[in-house]
Structures are given as structure tokens and as C-alpha cells.
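All values below come from the heavy atoms of this structure, side chains included, with hydrogens, waters and symmetry mates left out. Model, not experiment: these values are computed from the prediction.
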Amino acid sequence: MHTRTFSRRVAGTLVAAVAALPLLTAQSAAAHPLAPGTGRPVPEPTVRPGLLLTVSDARHTLVRGVRLLCEPVPHGRHPRAAEACAALDRAGGDPAALRAAPGFCTLRYAPVTVTAEGTHRGKHVSWRKTYPNACAMQRATGPLFAF
């Protein structure tokens, strides 16, 4: 008698699992879309840590760029990484909130565009600004774009 009850429970569990299989497969397919024509899952995009900082001229051709890494400690190819990370920390990770240095710049118009894309301390950053010249950019951004 005990064996029959056990067999019925196993059979009931098996029927429930088979019934749920299409639901599990549908959720899996939605979570991992398939590449057209291959039937293979599309790989997740790789997110590199840190911020990619760029400085470009009026024609928006890349003049220079560097990746700033602040975690776990400031490192990477940025020549003033510790200062740049500290400035970003004081600004709450928002380049627009950096404190401008006092001083004057010439009125020469030679636009410079800077960008910051990536993450800072787990916060997504996507920022772009054009300054009238390199001096104005340096005053406004301090060590962040000093590379």
C-alpha cells in the first residue's frame, strides 16, 4: 500500500514537471534570444569597467582617449588617476558637477569636445560637452581630462 502512494506521488510530480516544461522553455528563450539563422543564443554584451574618457577637436576626430578605473583603487593608464577619481567622487560621479578652477582663459575659439562613457562606482555615466577651447575644458574638468 505504501508503494502505491509513493508511485502516485512520483507520477503526479512527473506530470506537473512535464506540464511546466513549455513554460520554462519559453522563459529561457525570452531571456536568451537566439541569433538569426544560427539558433544559438546571442552572447551578452561585455561591459568593461571604468570610464572611457575622450577628447576630440572641432571635427570630432578622436584626438586622445583613456580608460579611467577607480575601483578598487585608482589605476589604469590615466596619468592622474587618483586625482581624477577623487574629483569624480566629490561630484557624485557626475562630470557636469565638477567644480571649475578659478582663472581666466583666452577668447580664442577652438572647440574641444569631451566624453565620459561607462561606469563610476557602479553608477552608469554617459556625458558629453563641448567647450570653446582646451583652457576652458581644463578649468571646468580639472584632472579628469588631464591626459
- Query: Do other residues, nucleotides or ligands put more than 12 heavy atoms under 6.0 Å from the CZ atom of R59?
  - Reply: no
- Heavy-atom closest pair, residues G93 and K123: C-NZ, 4.5 Å
- Is there a donor-acceptor pair under 3.5 Å between the side chain of R64 and the backbone N or O of F147? yes
- Between the side chain of H75 and the main-chain N/O of V73, is any donor-acceptor distance below 3.5 Å? yes
- Item | Joint hydrophobic cluster, L52 plus M137, side-chain heavy atoms closer than 4.5 Å | no
- Item | Heavy-atom pair with the smallest gap, counting every atom of T130 and P111 | CG2-CB, 4.0 Å
- Note on the structure: Between H78 and A146 the two heavy atoms that sit nearest each other are CE1-O, 3.9 Å
- Task: Mind running side-chain contact (heavy atoms from CB on, under 4.5 Å) on D89 and H120 for me, showing each step along the way?
- Result: CA-CA 9 Å; D89 288 341; H120 176 72; 2.8 Å; yes
- Query: Do L68 and V66 belong to the same hydrophobic cluster, where Ile, Leu, Val, Met, Phe, Trp and Tyr are linked whenever their side-chain heavy atoms lie under 4.5 Å apart, directly or via other members?
  - Reply: yes
- Message: I want to check something: taking the side chain as every heavy atom from C-beta on, are L53 and V114 in contact at a cut-off of under 4.5 Å?
- Response: no
- Query: So which heavy atom on R139 is nearest to which on P102, and how close?
  - Reply: NE-C, 3.8 Å
- For R121, does the CZ atom have more than 12 heavy-atom neighbours from other residues, nucleotides or ligands under 6.0 Å away? yes
- Query: Does the side chain of E71 come within less than 4.5 Å of P49's, by heavy atoms?
  - Reply: no
- Note on the structure: Looking only at heavy atoms, the pair that brings F145 and T54 closest together is CE2-O, 3.6 Å
- Task: Dump the intermediate steps for side-chain contact (heavy atoms from CB on, under 4.5 Å) on V125 and L88, then the final yes or no.
- Result: CA-CA 11 Å; V125 176; L88 264 178; over 6 Å; no
- Query: Is the closest side-chain donor-acceptor distance between S56 and T113 under 3.5 Å?
  - Reply: no
- For the residue pair A96 and W127, what are the closest heavy atoms and their distance? CB-NE1, 3.5 Å
- Task: Look at the side chain of N133 and the backbone N and O of C105, then say whether any donor-acceptor pair between them is shorter than 3.5 Å.
- Result: no
- P95 versus T141: any side-chain heavy-atom pair under 4.5 Å? no
